[in-house]
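Quick notes on the structure that follows.
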2 protein chains.
Amino acid sequence: MGVSLKDVAQRAGVSIKTVSNVVNNYQHVTPAMRAKVQRAIDELGYRPNLTARHLRKGRTGIIALAVPEFGNPYFAELAGEVVDAAARHDYTVLVDHTAGLREKELLVSQGFRSHVIDGLILSPIHLETEDLMARTETAPLVLLGEREYEAPYDHIAIDNVAASREAVRHLLGLGHRRIAFLGSRTGRERQPAHLRLRGWREELAAAGLEPDESLVVVTDGYGREDGAAGMAALLDRGERPDAVFAYNDLIAIGAMRTLTERGFRIPEDIAVVGFDDIEESRYTTTTLTTIAPDKEAIARLAVDSLVERLSGEATAEPRRPRPGYRLVVRESTTPRPESGHTEDH
Amino acid sequence: MGVSLKDVAQRAGVSIKTVSNVVNNYQHVTPAMRAKVQRAIDELGYRPNLTARHLRKGRTGIIALAVPEFGNPYFAELAGEVVDAAARHDYTVLVDHTAGLREKELLVSQGFRSHVIDGLILSPIHLETEDLMARTETAPLVLLGEREYEAPYDHIAIDNVAASREAVRHLLGLGHRRIAFLGSRTGRERQPAHLRLRGWREELAAAGLEPDESLVVVTDGYGREDGAAGMAALLDRGERPDAVFAYNDLIAIGAMRTLTERGFRIPEDIAVVGFDDIEESRYTTTTLTTIAPDKEAIARLAVDSLVERLSGEATAEPRRPRPGYRLVVRESTTPRPESGHTEDH
DNA sequence: GTGAAAGCGCTAACAT
DNA sequence: ATGTTAGCGCTTTCAC
C-alpha cells in the first residue's frame with residue numbers, strides 16, 4: 001500500500017511513537033526531533049491512514065446527511081450549509097438522497113454504512129414514529145423537516161404553523177379571501193404538509209372565515225410539475241381562488257407557470273405565496289413572495305446537535321430548537337402601480 | 001464498542017473464520033453451520049465494522065464528488081445522478097463543494113480525507129494543468145467540466161464547441177445577427193467559458209459574420225445575479241443585441257430577469273439561449289431554450305471510469321468520452337403566434 | 001469445511 | 001522526551 005508510520009520511523013531512525021507525536025502535534029517534542037521527523041515525512045510523502053485511525057479511535061469524523069432530493073433547490077442549498085457547518089467541527093459530510101422512498105428512508109435510518117458514519121442527519125418524508133422507535137442503530141440521529149415525531153430524537157424545524165399563519169395573514173391583509181392551499185397529501189394525518197395546512201386553517205378561522213376544503217389541492221409530489229398539475233386541476237374543477245398558498249416554492253413556481261399559460265395575471269388575478277425562499281424565487285418573472293426559513297441556522301443547529309451527542313455533552317432528552325424564518329414579500333403578492341420592479345434581491 | 005466477530009463466534013461456539021465466512025457469503029459452509037451462526041448474529045445484533053474491513057482490504061467503497069456549488073442546480077442534479085450511478089457499483093459518495101475557490105480545489109485534488117476515499121470525481125474551475133501535474137495523491141481522479149487539461153486523467157465532457165455552435169446556429173436560423181455572449185471571464189485563456197465562447201465565434205464566422213467582441217460580456221461568476229448584472233451592463237453601455245447566448249442557464253435566467261424589468265419582450269425583442277437544461281428552465285415564465293447535456297451519461301461515464309481505474313481494468317492512457325447533448329427549443333427563442341404555450345415539459 | 005494466527009496502520013498505556 | 005507493546009475488528013494465508 002502506502003507509506004506507514006513505521007516507514008517514516010525507520011527513515012528518521014526514531015520510534016513509531018515519536019513520529020505519531022509529530023503527526024498529531026503532540027506537545028512535548030523537541031524542535032530538533034520534530035524537524036528530523038518532518039523531513040522524513042516529506043521525503044517519503046507520508047499521509048496518515050485515516051481508516052486505521054478510525055478503527056483505533058472508534059469514530060470516523062464523517063456524518064451523513066440524507067435528504068429526499070437534490071433536485072429540490074431547498075435541499076441542495078441546505079446541503080451546502082450543512083457541509084459548511086460540519087467543516088467548522090472538522091466533520092466531513094456524506095450525502096445521500098432517499099428519493100422520497102420510505103424503503104430508502106428506513107434503510108438509511110437503520111444504519112447507513114455501519115461504523116463508517118458517526119452520526120446522521122435525516123430529512124424524512126414517509127418515516128413514522130414507530131419506525132423511529134424500532135430503530136436499533138446506535139449512531140446518533142438528528143431529524144429535519146416538517147413532520148412531527150414522538151420519538152426521542154433531536155428535531156430541527158421552524159415553527160411551520162406560525163410561519164404558515166403569517167403567510168396567510170399577509171394574503172388576508174391584501175384583501176384576499178378565497179385562498180387555496182396547494183400541496184396537500186391524501187391519507188396519513190402526519191403528512192409533511194400537515195402543519196402548513198393547519199396554519200392555513202387556523203389563520204382563516206382566526207379571521208372569521210370558514211376554511212374552504214374544496215380549495216385544498218392534493219398533489220402527487222412536491223416539484224414544479226406537481227404544482228403545475230395541481231393548479232390546473234383546481235382551475236379545471238371550476239374553482240377561482242384569488243390567492244394561492246403553496247406548500248413550497250417549487251409547487252408555487254409550477255402553479256405560476258399554469259396561471260401564466262392560462263392567461264391569469266399574478267398578482268392582479270391571483271396572488272401566490274411559496275415556502276422555502278429558494279434562490280430561484282427571486283428570479284421568476286413575477287418574483288415570488290415566500291416564507292424564508294433560516295437555512296444557515298437549521299444546518300448549524302442540526303450539526304451542533306449531532307456533534308454534541310457525539311461528544312456525549314448533550315443531555316438525554318431530545319431537543320427541538322426552533323430556527324427562525326421571515327416572510328419575504330415580492331411581486332407575486334404586490335399589486336403593482338404600473339410596471340414591475342423587483343423589491344428584493 | 002459494539003458486537004464483533006469474536007463475540008458472535010463465542011456465542012455460536014465456532015471460530016472467527018467461520019463467522020466471517022457466513023457474513024461474506026463464502027461458498028463452502030454447511031447449511032446447518034450457516035443457520036447456527038446466523039442465529040448468533042441475529043441474537044447479538046451483529047453489524048460488520050466496515051472501518052476494520054476497509055483497513056484490512058485497503059479500500060473503502062467510498063468515492064468523493066467535488067463540485068463548485070450545490071446552489072447551482074446543474075451540479076445538484078448531476079450529484080444526484082452520480083450518487084445513483086455509484087450505488088449501482090456499490091459505492092457510496094462523499095460530496096463536497098469547492099465554493100469555486102482555487103485553494104479548495106487544490107486541497108481536494110491533493111487528497112481529500114486520505115485513505116478514506118478510493119477515488120475522486122472533480123469538477124474544477126480554477127485548477128490548471130500544472131496543478132494536476134503536481135498532484136502526488138495516488139487515488140484515481142476523474143475530471144468533469146468545461147476546462148481543457150493536458151494532464152493524464154480521464155475527463156468527461158460534452159463537445160462544448162459543437163454544442164455552442166448548434167445553439168448559435170439556431171439563433172442565426174431565426175434571423176438573429178447581433179448575438180451577445182454572456183458569461184465570459186477576464187484573464188486566463190482556459191477559463192471555463194472558453195470553449196463555449198469559441199463555439200460562438202466559430203459559428204458566427206462560419207455564417208460570414210464578424211464576431212463582435214463588444215457583445216461579449218464578462219461576469220463575476222456563474223449565478224443568476226451575475227447574469228442579471230451582466231445583461232444590465234451590456235444594455236447600459238448602449239448595446240442592443242437581438243439575441244443572447246449565455247454560458248449557462250442561471251446566467252440566462254438572470255439576464256431574462258433584467259430584460260423583463262427593463263421592458264424587453266422575450267423573444268420578440270431579444271431571444272435568449274442558455275446551457276445546462278436545469279429543470280428551472282422549463283418553468284420560467286418564458287421557458288428557456290437551452291443546450292441539454294446528458295447528465296445521466298456524464299455521471300455514469302464518470303463513475304464507470306473511476307470504478308474501472310479502481311479495479312485496475314482500465315488502460316493507462318487517459319480517456320475522454322463525449323457524452324451527448326441536444327438543443328431543446330423553448331419559448332425564449334420561439335416567436336409566438338399569439339399567446340404563449342409551452343412546448344416542452 | 002473449519003480453525004489458528006498474523007497483520008492492515010494507527011493510538012494509547014505504560015515504561016524508561 | 002521518547003521507546004515498547006497491545007489491540008481496535010477484520011480478512012487472509014495456511015494448516016488440519
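Quick note on labels: first sequence line is chain A, next is B, and so on, each numbered from 1.
Rounded to an integer number of Å, the gap from A/Arg59 CZ to D/dC8 C1' is 15 Å. In this structure, B/Asn24 places its CG atom 15 Å from C1' of C/dT2, rounding to the nearest Å. Counting to the nearest Å, the C1' atom of D/dG7 and the NZ atom of B/Lys6 are 9 Å from each other. Taking atom NE2 of residue A/His115 and atom P of nucleotide D/dC10, one finds them 7 Å apart after rounding to whole Å. Straight-line distance from the CG atom of B/Leu55 to the C1' atom of D/dC8: 9 Å, rounded to whole Å. Distance, A/Leu5 CG to D/dT5 P: 17 Å, rounded to whole Å. For A/His54 and C/dC8, the NE2 to C1' distance is 15 Å, given to the nearest whole Å. In this structure, the CZ atom of A/Arg56 is 5 Å from the C1' atom of C/dA12, given to the nearest Å.
One finds no side-chain N or O of A/Asn21 lying less than 4.0 angstrom from the OP1 or OP2 phosphate oxygen of D/dA1. OP1 or OP2 of C/dC10 sits under 4.0 Å from a side-chain N or O of A/Tyr46.
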Start with the C-alpha distance between B/Phe70 and B/Val95, add both sets of side-chain angles, then the distance that settles side-chain contact (heavy atoms from CB on, under 4.5 Å), and finish with yes or no.
CA-CA 10 Å; B/Phe70 297 123; B/Val95 194; 3.0 Å; yes
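Residues from residues 7-20 of chain A placing a heavy atom under 4.0 Å of any atom in DNA chain C, listed by number, are A/Ile16, A/Lys17, A/Ser20.
Not counting sequence neighbours, B/Gln10 has no partner by the side chain to side chain donor-acceptor pair (under 3.5 Å) test. Applying the salt bridge (Lys or Arg N to Asp or Glu O under 4.0 Å) criterion to A/Asp131, with sequence neighbours excluded, gives A/Arg102. A/Asp96 meets the salt bridge (Lys or Arg N to Asp or Glu O under 4.0 Å) test with A/Lys104; sequence neighbours excluded. Here A/Lys17 pairs with A/Asn21 under the side chain to side chain donor-acceptor pair (under 3.5 Å) rule; sequence neighbours left out. Taking A/Arg53 as the reference, nothing meets the side chain to side chain donor-acceptor pair (under 3.5 Å) condition, with sequence neighbours excluded.
With the end axes of the helix from C/dG1-D/dC16 to C/dT16-D/dA1 each set by five pairs, the angle from one to the other reads 40° at 10° resolution.
When heavy atoms are screened at a 4.0 angstrom cut-off, B/Val23 is found touching no nucleic acid atom at all.
Residue pairs meeting the salt bridge (Lys or Arg N to Asp or Glu O under 4.0 Å) criterion with at least one partner in residues 75-90 of chain B, sequence neighbours excluded, are B/Glu77-B/Lys295, B/Arg88-B/Glu296.
The six-membered or imidazole ring of B/His155 lies away from that of B/Tyr153, with a centre-to-centre distance of 6.0 Å or more.
Among the nucleotides C/dG9, C/dT11, D/dC10, the one closest to the side chain of B/Asn49 is D/dC10. Ranking D/dT2, C/dT2, C/dA12 by closeness to the A/Lys57 side chain, first place goes to C/dA12. With C/dT11, D/dT11, D/dG9 as the candidates, the nucleotide lying closest to the side chain of B/Ser4 is D/dG9.
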Show me the donor-acceptor pairs, under 3.5 Å and distance only, between side chains in residues 118-125 of chain A and residues at least two apart or in other chains.
{"residue": "A/Asp118", "atom": "OD1", "partner": "A/Thr60", "partner atom": "N", "Å": "2.9"}
{"residue": "A/Asp118", "atom": "OD1", "partner": "A/Thr60", "partner atom": "OG1", "Å": "3.2"}
{"residue": "A/Asp118", "atom": "OD2", "partner": "A/Thr60", "partner atom": "N", "Å": "3.1"}
{"residue": "A/Asp118", "atom": "OD2", "partner": "A/Gly61", "partner atom": "N", "Å": "2.6"}

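Toward the 5' end of DNA chain C, the nearer of the two residues B/Thr30 and A/Ala52, judged by each one's closest nucleotide, is B/Thr30.
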